[in-house]
Amino acid sequence: MSNTVNWKDLVLPHILNLQAYSSARDEFSGDAKVFLDANENPFDEEQQNWNRYPDPLQMGIKQQLSKIKGIASENIFLGNGSDEAIDLLFRIFCKGGDSNVITCPPTYGMYKVSSSIHNVANIEVPLTKDFQLDVAAILKATNEKSKMLFICSPNNPTGNSLRKDDIETLLENFRGIVIIDEAYIDFSAQESFIHKLKSYPNLVVLQTLSKAWGMASARLGMAFANPELINILNKVKPPYNISGPSQKLVEKSLRQSDVFLRQIKGILAERDSLNQQLQDIPGVKKVFDTDANFILVKIDEAKTIYKKLINKGIVVRDRSNVKLCYDCLRITVGTSTENKTLISALRDISI
Ligand SMILES: *Cc1c(COP(=O)(O)O)cnc(C)c1O
């Protein structure tokens, strides 16, 4: 079965007709002796090309990602964090004061903030008690103004992966764009949906270098989608959305992917041991299964514990007011030393 919605019909007409800005780098990108086309300062004190505008389409990074991910460059968009891709998707598909999107809380907060920024209604269809998608309720809540559905898997802040079958049912039946946020996929044994782009033209997969890849500071988010949609994203984005220093740093780091693979293995081992130790802390009611690099913990007096940890110089995320996460803290897996510090602090506090 395949979805009968034509994703292109969902693109706002003024975006479809948009004449993209043509930058100096777009009009000429090759080798030349003298560049006098972009009003740059000609002096390059550090010999790093910092005086020059960066590649607007970041082809160097895309070629590396293409090999690492096994997907063509034409399926890849790069943004200033995933948050930029989310913002652009709203601009492309949603009409302020008219469209709506569907989100499934508890989940990543940015979908809701971005919908508010664009004056787009956010229809919330909560996850079930075991933190899975309520497929029937999502389809029931959908109407002709529902343009996008956000699915976060592994989900933040709960940590679990959402069932593949449920996601596929939604890809086949939701008559809009389905965005699967895979920010934590590198910590999970689940298969990524990036290899299903051909089957689902209405699919956008988001990933990021901010978590497993250790480059939160570089601000590099990826969106994977059909090539025509990638072109539209490129047309709408600011021309030089990834800075030159970030592009250099990312290219260098991606060449050392073995380092990150080793770090991920270490983080997963630490996660298992932290998980075990948390279960033995008095007051802990539940340590939720996780496919990410954080653990959701239900604990008596979560807010008080949160404050006491801060007094000891340890910051975790207080999720105790979040629906379905009452009395929960979200704890990022740190280094072995950091995790030991956390556990001994929790033992002190809970006595
Ligand atoms: C951390 C996170 C991101 C990453 O955002 P960036 O802007 O790429 O740093 C995206 N989605 C989710 C669910 C996250 O938790």
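Quick note: numbers below take in every heavy atom, side chains included, and nothing from hydrogens, waters or symmetry partners. When a ligand or atom number is given, it counts from 1 through the structure's own listing order.
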For ligand 1, the portion of [X] having any non-hydrogen atom under 4.0 Å away:
X: S82; value: both
X: D181; value: side chain
X: R219; value: side chain
X: K211; value: side chain

Distance filter under 4.0 Å to [X] heavy atoms, resulting ligand 1 atoms:
X: C152; result: 13 (C)
X: A183; result: 2 (C), 3 (C), 10 (C), 11 (N), 12 (C), 14 (C)
X: S210; result: 6 (P), 8 (O), 9 (O)
X: G81; result: 6 (P), 7 (O), 8 (O)

Residue pair N100 / N143, side-chain donor-acceptor N/O under 3.5 Å: yes

So, regarding Y184 and ligand 1 (criterion: nitrogen or oxygen to nitrogen or oxygen, under 3.5 Å), is there a contact or not? yes

Between [X] and [Y], does at least one N-O distance fall below 4.0 Å, as a salt bridge requires?
X: E228; Y: K8; result: yes
X: E191; Y: K164; result: no
X: E168; Y: K196; result: yes

Is there a side-chain contact between E182 and Q190, using heavy atoms and a 4.5 Å cut-off? no

Donor-acceptor pair, side chain of Q48 and main chain of P245, under 3.5 angstrom: no

I'd like to know whether NZ of K95 has more than 12 heavy-atom contacts from other residues, nucleotides or ligands below 6.0 angstrom. no

